[in-house]
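Input: a single structure, listed below in structure tokens.
Whatever order the structure lists them in is the order used to number ligands and atoms, beginning at 1. Source: prediction; values computed, not measured.
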Amino acid sequence: MNNNKKRVLVTGGAGFLGSHLCEKLLEKGEEVICVDNLYTGSKKKIQHLFANENFEFIRHDITFPLFLEVDEIYNLACPASPIHYQYDPVQTLKTSVHGAINMLGLAKRVNAKIFQASTSEVYGDPEVHPQKEEYWGKVNPIGPRSCYDEGKRCAETLFFDYHRQHNVDIRVARIFNTYGPQMNINDGRVVSNFIVQALENQDITIYGNGSQTRSFCYVSDLINGIIHFMNSNLKDFKGPLNLGNSKELTILELAEKIIKTTNSNSKIIFKDLPEDDPKQRQPDVSLAEKNINWNPTIDLKEGLSHTIEYFSDILNKV
Ligand code: NAD
Ligand code: UDP
């Protein structure tokens, strides 16, 4: 029995990252309350956790207030894939802004520590490369990605103001592109799209000419980083903290790697580049290394092979 068991709220806990986080927290012996409105998440991702007596699920939209007695809050609720966050941009903004106000209000009321899943998108289409936390970013305030980027930027502001004004104990991490098992087949982000297309021998859809870069982090590394950061006790350091893998590659290189690894007959086709698509992205993770002694350990080859195995399994069951 774990006598120091904490009661932990995970918003967005039925999503890709949230489901891994709930699982890891339960493994550590915590009590976990997963709150999710199932917009992009699903009960399938957490069905293996229902048998655990330390796990509870509440279907709730965090744009509405919620009262629970908890020790810690991980605020992950928000659609993260461009196609999903652009489908209902007003709701995306409400989730980031009203959701943050509701969760920060709860943290203040019950004196809980609170983590915010921010994003590399706060850097927009960056002019500084790689991106360090001190860079303020280049973000279009009125474009199709703004509902997500500006919503997340506003959430960061709210977190730091609740910290300064109300002394709420916060942690703000800027998560860079993360992939792995438990992503939806129709997630729409690049790794899952390319793997599903390759496994089905369909055309691989590169947006633009494929010269844009990203740096991909495997999910288990990211979850370790999040938990490590939440448990860190650096008095004057609450973030923002970059979490991601700094190995950068072009989207064309990613497509070629996935075709090769899956032994696929797929052909690459080129489609229009979406508006404001960032041209380059690579985290500088030296602050995470220094402050929480964290570094990713799973390289792209290994991470892709786990992810390909996961998608092969679910495609065979469909
Ligand atoms: P996801 O879409 O799989 O998960 C988001 C979850 O939040 C889903 O389960 C969804 O149903 C839920 N949700 C959305 N709106 C909600 C609301 N109003 N109330 C309650 N639940 C709501 O995405 P993900 O990749 O797991 O991302 C999780 C968090 O991490 C997001 O906040 C995202 O912005 C952040 N993030 C993720 C990445 C990444 O690469 N995966 C990168 C940067 C930031
Ligand atoms: N992308 C692509 N084909 C796809 C999906 C995405 O070429 O089927 C590109 C997209 O335009 C972007 C990169 O891959 O340049 C990463 O996209 P994703 O949506 O995964 O995340 P982002 O980093 O843009 O939020």
Side-chain angles (χ1 to χ4, degrees), residues 10-22 34-43 45-46 58-64 66 74-86 88 91-100 102-103 115-122 125 145 148-149 151-152 155 173-180 182-184 187-197 203-219 222-223 226 242-245 250-252 254-255 268-281 283:
V10 179
T11 78
F16 161 49
L17 295 181
S19 57
H20 284 276
L21 180 61
C22 289
C34 164
V35 164
D36 202 297
N37 68 351
L38 304 182
Y39 176 60
T40 49
S42 73
K43 282 198 251 175
K45 290 195 213 298
I46 47 169
I58 301 172
R59 189 194 285 235
H60 173 81
D61 180 333
I62 63 155
T63 64
F64 296 98
L66 176 70
Y74 288 86
N75 188 35
L76 273 66
C78 186
S81 165
I83 54 165
H84 296 298
Y85 71 63
Q86 289 172 25
D88 187 350
Q91 172 67 9
T92 300
L93 266 165
K94 284 185 185 171
T95 296
S96 280
V97 178
H98 294 190
N102 288 329
M103 291 306 116
F115 169 92
Q116 168 66 358
S118 190
T119 167
S120 51
E121 283 285 319
V122 301
D125 190 7
R145 295 176 87 98
Y148 185 72
D149 301 10
K152 289 284 187 178
R174 292 179 178 156
I175 300 168
F176 283 65
N177 299 64
T178 301
Y179 69 99
Q182 300 282 32
M183 293 185 91
N184 291 333
D187 180 278
R189 283 175 278 186
V190 69
V191 174
S192 48
N193 269 11
F194 286 1
I195 292 178
V196 172
Q197 290 164 344
D203 291 341
I204 304 272
T205 54
I206 288 189
Y207 304 156
N209 62 14
S211 64
Q212 70 271 38
T213 69
R214 294 292 186 275
S215 311
F216 297 98
C217 184
Y218 188 64
V219 61
L222 197 269
I223 299 299
I226 289 179
N242 288 343
L243 290 178
N245 190 314
T250 66
I251 294 303
L252 180 60
L254 176 73
I268 290 176
I269 59 163
F270 296 91
K271 294 190 144 192
D272 289 345
L273 186 68
E275 200 179 326
D276 294 336
D277 198 284
K279 286 182 269 312
Q280 51 181 2
R281 183 181 292 153

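- Ligand 1 is never approached by M183 to a heavy-atom distance shorter than 4.0 Å.
- At least one heavy atom of P82 lies less than 4.0 angstrom from ligand 2.
- No donor-acceptor pair closer than 3.5 Å links the side chain of D61 to the backbone N or O of N37.
- Contacts between D61 and ligand 1, counted as non-hydrogen atom pairs separated by less than 4.0 Å, involve both the backbone and the side chain.
- Looking only at protein heavy atoms, the nearest one to atom 4 (O) of ligand 1 is G15 CA, 3.6 Å.
- At the top of the distance list for atom 3 (O) of ligand 1, counting protein heavy atoms only, stands F16 N, 2.9 Å.
- Under 4.0 Å from ligand 2, the heavy atoms of N177 that appear belong solely to its side chain.
- Remark: ligand 1 and N75 share no N or O pair separated by less than 3.5 Å (distance only, no angle test).
- In terms of polar-atom proximity, defined here as any N/O pair under 3.5 Å, L76 does make such a contact with ligand 1.
- Under 4.0 Å from ligand 1, the heavy atoms of Q91 that appear belong solely to its side chain.
- With sequence neighbours left out, the side chain to side chain donor-acceptor pair (under 3.5 Å) criterion links K279 to D125.
- Relative ring orientation between F115 and Y74 is described as tilted, the plane-to-plane angle lying within the 30° to 60° band.
- Geometrically, ligand 1 and A77 share no nitrogen or oxygen pair separated by less than 3.5 Å.
- Residue contacts with ligand 1, taken as heavy atom pairs separated by less than 4.0 Å, involve L38 solely via the backbone atoms N, CA, C and O.
- Residue contacts with ligand 2 for K271 are absent, since no atom lies close enough (heavy atoms, distance under 4.0 Å).
- Atoms of ligand 1 found under 4.0 Å from any heavy atom of H60, numbered from 1 in the order shown, are 19 (N), 20 (C).
- Counting only distance, with no hydrogens or angles, the side chain of T11 and the backbone of A77 share a donor-acceptor pair below 3.5 Å.
- Here the heavy atom of the protein found nearest to atom 39 (C) of ligand 1 is R189 NH1, 3.3 Å.
- For atom 23 (O) of ligand 1, the closest non-hydrogen atom of the protein is A80 CB, 3.5 Å.
- Heavy atoms of K94 stay at 4.0 angstrom or farther from ligand 1.
- Comparing I175, T95, T178 by heavy-atom distance to atom 15 (N) of ligand 1, the nearest is T95.
- In terms of polar-atom proximity, Y39 is counted as a contact of ligand 1, with an N or O under 3.5 Å from an N or O of the ligand.
- In this structure, atom 10 (C) of ligand 1 lies nearest to the protein heavy atom T40 OG1, 3.3 Å.
- Without hydrogens or angle criteria, K152 side chain to A117 main chain gives a donor-acceptor distance under 3.5 Å.
- In summary, the atoms of ligand 1 found under 4.0 Å from a heavy atom of P79, numbered by their order in the structure, are 2 (O), 14 (C), 15 (N).
- Heavy atoms of K152 approach ligand 1 to within less than 4.0 angstrom.
- Polar contact check, N37 against ligand 1: a nitrogen or oxygen pair lies under 3.5 Å apart.
- Across the listed options N184, D36, T11, D36 owns the non-hydrogen atom lying nearest to atom 11 (O) of ligand 1.
- The closest approach between any non-hydrogen atom of R145 and ligand 2 is below 4.0 Å.
- Note on ligand 1: G99 sits outside its first shell, no heavy atom being nearer than 4.0 Å.
- Taking the side chain as every heavy atom from C-beta outward, P283 and S120 never approach each other to under 4.5 Å.
- If you check the side chains of Q197 and T205, you find a donor sitting under 3.5 Å from an acceptor.
- Every atom of ligand 2 with a heavy atom of R189 under 4.0 Å away is listed here by number and element: 19 (O), 20 (O).
- Among all non-hydrogen protein atoms, the one lying nearest atom 37 (C) of ligand 1 is L17 CD1, 3.6 Å.
- The shortest heavy-atom distance from R281 to ligand 2 is under 4.0 Å.
- With a 4.0 Å cut-off on non-hydrogen atoms, R174 does not touch ligand 1 at all.
- Distances below 4.0 Å separate heavy atoms of D277 from the following atoms of ligand 2: 10 (C), 11 (O), 12 (C), 15 (O).
- Residue contacts with ligand 2 for N193 involve side-chain atoms from C-beta outward but no N, CA, C or O (heavy atoms, distance under 4.0 Å).
- For the pair T250 (side chain) and Q212 (backbone), a donor-acceptor distance under 3.5 Å is absent.
- The nearest pair of heavy atoms linking Y218 to G180 is CE1-CA, 4.0 Å.
- The closest side-chain heavy-atom distance from N184 to K45 is below 4.5 Å.
- Each of the following atoms of ligand 2 lies closer than 4.0 Å to a heavy atom of I206: 7 (O).
- Ranking protein heavy atoms by distance to atom 19 (N) of ligand 1, first place goes to I62 N, 2.9 Å.
- Every atom of ligand 2 is numbered from 1 in the order shown, and the set under 4.0 Å from a heavy atom of E121 is 25 (O).
- Between the R214 side chain and the P278 main chain, a donor and an acceptor come within less than 3.5 Å of each other.
- Close approach to A14 involves these atoms of ligand 1, each under 4.0 Å from a residue heavy atom: 9 (O).
- With a heavy-atom cut-off of 4.0 Å, Y148 touches ligand 1 through its side chain alone.
- With distances taken over non-hydrogen atoms, the option nearest atom 5 (C) of ligand 1 out of A155, C78, S118, S19 is C78.
- What you find for D276 and R145 is that their closest heavy atoms are O-CD, 3.4 Å.
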